[in-house]
Amino acid sequence: KQLKTLQKMQMNLTIRRGRSDKGRISEEEMSFAEVKKNVERFFNTKIRNSEDWDGSLESAEERVREILPMLKADDEDYESVEAQLELWVQLVRNHKDFRLRERSKWEKWEKENEPKNHQAFLEMHRIIPVPNVASLSFEELSNMGMKKGLAQHLVRTTCLELLFMDKKEISGLRFRDLVTKYMPRDLDMVEMRALYYCLPNAFLDDASGKKMNWKLNFRDMLYRYTKKEKAGKLTKSQRRNVVYPPASMVEV
């Protein structure tokens with residue numbers, strides 16, 4: 001009962017919370033923050049004192065696997081089960097062993113893929129030796145001898161403009177531009193690798209971390225592609241867009 005009460009309070013305050021015209025934190029938002037702390041304190045105390053958990057990452061992950069099948073939308077206890085699942089998931093993600101495992105995974109992945117990403121970057125620059133491609137129209141690109149399909153693709157896929165910027169310039173881009181103009185969409189494997197290679201390790205004016213999250217979300221997408229690539233499950237178009245010449249169908 002206490003759990004459900006806290007959940008409802010949290011949900012209601014989430015909907016109503018906001019800031020006043022002067023930018024001050026509203027009473028609702030302050031209450032929301034307090035309720036959130038209470039919910040987390042209640043959950044954590046319950047779990048940490050539970051005989052179901054020995055404090056290990058393995059047993060917490062096992063609990064997540066046990067709860068998942070219990071999550072049914074038409075069940076009257078759906079909210080309670082969902083809350084328990086979210087708690088255990090958060091506990092897993094914040095466990096020191098999980099963080100160490102994730103850090104090791106990404107360090108290994110970066111080391112394995114950096115040469116391939118660099119090769120893809122060089123390949124894209126070989127095919128598109130036009131540093132000011134972002135300022136050229138379809139007609140201008142066509143007049144330079146570029147194939148119609150490739151010219152259309154470059155004009156339409158604006159995120160590829162990042163390939164011709166240096167890391168410092170990219171780090172200073174506005175978050176709004178990253179999630180609109182430069183949002184990676186419908187890229188093939190070579191394009192994705194090349195684009196990831198040119199991204200900076202840190203962003204300017206990113207106190208909120210939104211820009212870095214944008215990069216990490218893209219990294220997650222590329223990671224999934226690399227797993228499919230290893231398993232031989234990439235489609236032909238995912239491996240290389242047909243607009244590129246056959247000679248660019250390199251293994252990267």
Side-chain angles (χ1 to χ4, degrees), residues 109-110 112-206 210-252:
W109 181 85
E110 292 278 0
E112 287 180 351
N113 287 276
E114 197 275 342
K116 297 179 181 180
N117 297 341
H118 184 210
Q119 183 182 347
F121 178 79
L122 295 176
E123 175 68 8
M124 289 298 295
H125 273 255
R126 184 188 69 78
I127 297 169
I128 315 169
V130 188
N132 61 332
V133 65
S135 63
L136 299 178
S137 66
F138 165 71
E139 290 75 16
E140 291 171 321
L141 290 172
S142 298
N143 291 336
M144 293 174 63
M146 188 173 287
K147 294 280 187 175
K148 179 180 177 181
L150 180 55
Q152 289 178 328
H153 179 65
L154 292 179
V155 171
R156 182 172 60 249
T157 315
T158 52
C159 66
L160 294 179
E161 294 175 16
L162 296 174
L163 296 175
F164 301 93
M165 300 182 192
D166 58 38
K167 293 180 185 289
K168 184 176 181 181
E169 185 179 1
I170 296 173
S171 72
L173 292 173
R174 298 182 303 173
F175 174 70
R176 184 192 307 174
D177 292 330
L178 291 175
V179 296
T180 52
K181 182 178 181 180
Y182 300 115
M183 178 63 78
R185 294 187 181 92
D186 302 323
L187 302 181
D188 65 36
M189 189 57 154
V190 180
E191 292 172 326
M192 290 178 69
R193 284 189 178 281
L195 186 58
Y196 185 75
Y197 178 81
C198 72
L199 298 181
N201 293 324
F203 291 87
L204 297 174
D205 302 318
D206 191 33
K210 289 182 178 180
K211 293 184 183 181
M212 182 53 68
N213 281 335
W214 172 84
K215 177 185 176 179
L216 296 180
N217 287 334
F218 177 52
R219 184 187 67 177
D220 288 342
M221 181 165 58
L222 177 56
Y223 175 74
R224 290 193 294 272
Y225 262 56
T226 58
K227 290 192 70 174
K228 290 177 69 175
E229 181 184 47
K230 282 186 176 181
K233 294 183 178 180
L234 284 178
T235 64
K236 186 176 180 179
S237 62
Q238 288 174 335
R239 290 196 304 272
R240 201 59 169 141
N241 194 310
V242 294
V243 300
Y244 292 102
S248 73
M249 297 289 288
V250 294
E251 191 70 28
V252 296

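All values derive from a computational prediction rather than experimental measurement.
- Under the 4.5 Å side-chain criterion, counting only non-hydrogen atoms from C-beta, Thr226 is in contact with Met189.
- The 12-atom threshold is exceeded at NZ of Lys167, counting heavy atoms of other residues, nucleotides or ligands nearer than 6.0 Å.
- For Lys215 and Tyr196, the positive end sits near the middle of the six-membered ring, less than 6.0 Å away and at most 45° from its axis.
- Summarising the local packing, CG of Asp166 is surrounded by more than 12 heavy atoms from other residues, nucleotides or ligands at distances under 6.0 Å.
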Step-by-step side-chain contact (heavy atoms from CB on, under 4.5 Å) determination, Lys147 to Val243: CA-CA 8 Å; Lys147 294 280 187 175; Val243 300; over 6 Å; no
Mind running side-chain contact (heavy atoms from CB on, under 4.5 Å) on Lys181 and Arg176 for me, showing each step along the way? CA-CA 8 Å; Lys181 182 178 181 180; Arg176 184 192 307 174; over 6 Å; no
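- Judged by the 6.0 Å and 45° rule, Lys230 forms no cation-pi pair with Tyr223.
- Checking side-chain atoms of Asn213 against main-chain N and O of Asn217 turns up no donor-acceptor pair under 3.5 Å.
- The side-chain heavy atoms of Leu199 and Phe218, taken from C-beta on, include a pair separated by under 4.5 Å.
- Taking the side chain as every heavy atom from C-beta outward, Leu187 and Thr157 approach each other to under 4.5 Å.
- Looking at heavy atoms from C-beta onward, Gln119 lies out of side-chain contact with Arg193 at the 4.5 angstrom threshold.
- Smallest separation of non-hydrogen atoms from Arg239 and Leu234: NH1-O, 3.1 Å.
- Checking Leu173, Asp177, Val179 one by one against Phe175, the side-chain contact (heavy atoms from CB on, under 4.5 Å) holds for a single residue, Val179.
- When all heavy atoms of Asn241 and Asp188 are compared, the pair lying nearest together is N-OD2, 2.9 Å.
- None of Met221, Gln238, Arg219 except one satisfies the side-chain contact (heavy atoms from CB on, under 4.5 Å) rule with Met192; the exception is Met221.
- Taking the six-membered ring for Trp and thresholds of 30 and 60 degrees, Phe164 and His125 have ring planes inclined between 30 and 60 degrees apart.
- Taking NE2 of His153 as the reference point, atom CG of Leu141 lies at 12.5 Å (rounded to 0.5 Å).
- Across every non-hydrogen atom of Lys211 and Asp206, the tightest pair is N-OD1, 2.9 Å.
- In terms of heavy-atom proximity, Ser171 sits nearest to Ala202 at CB-O, 3.5 Å.
- Separating the OH atom in Tyr182 from the CH2 atom in Trp214 is a distance of 10.0 Å, to the nearest 0.5 Å.
- The closest side-chain heavy-atom distance from Asn113 to Leu222 is not below 4.5 Å.
- Shown here for Cys198 and Leu162, the closest heavy-atom pair between the two residues is SG-O, 3.6 Å.
- Summarising the geometry of Cys159 relative to Leu195, their closest heavy-atom pair is O-CD1, 3.7 Å, with the distance given to 0.1 Å.
- Taken to the nearest 0.5 Å, the CZ atom of Arg156 stands 9.5 Å off from the CG atom of Leu154.
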Run the side-chain hydrogen bond (donor to acceptor under 3.5 Å, both in side chains) check on Tyr244 and Glu123 step by step: do they pass? CA-CA 11 Å; Tyr244 292 102; Glu123 175 68 8; over 6 Å; no
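- A tilted orientation is assigned to the rings of Phe121 and Tyr197, their planes being inclined by 30° to 60°.
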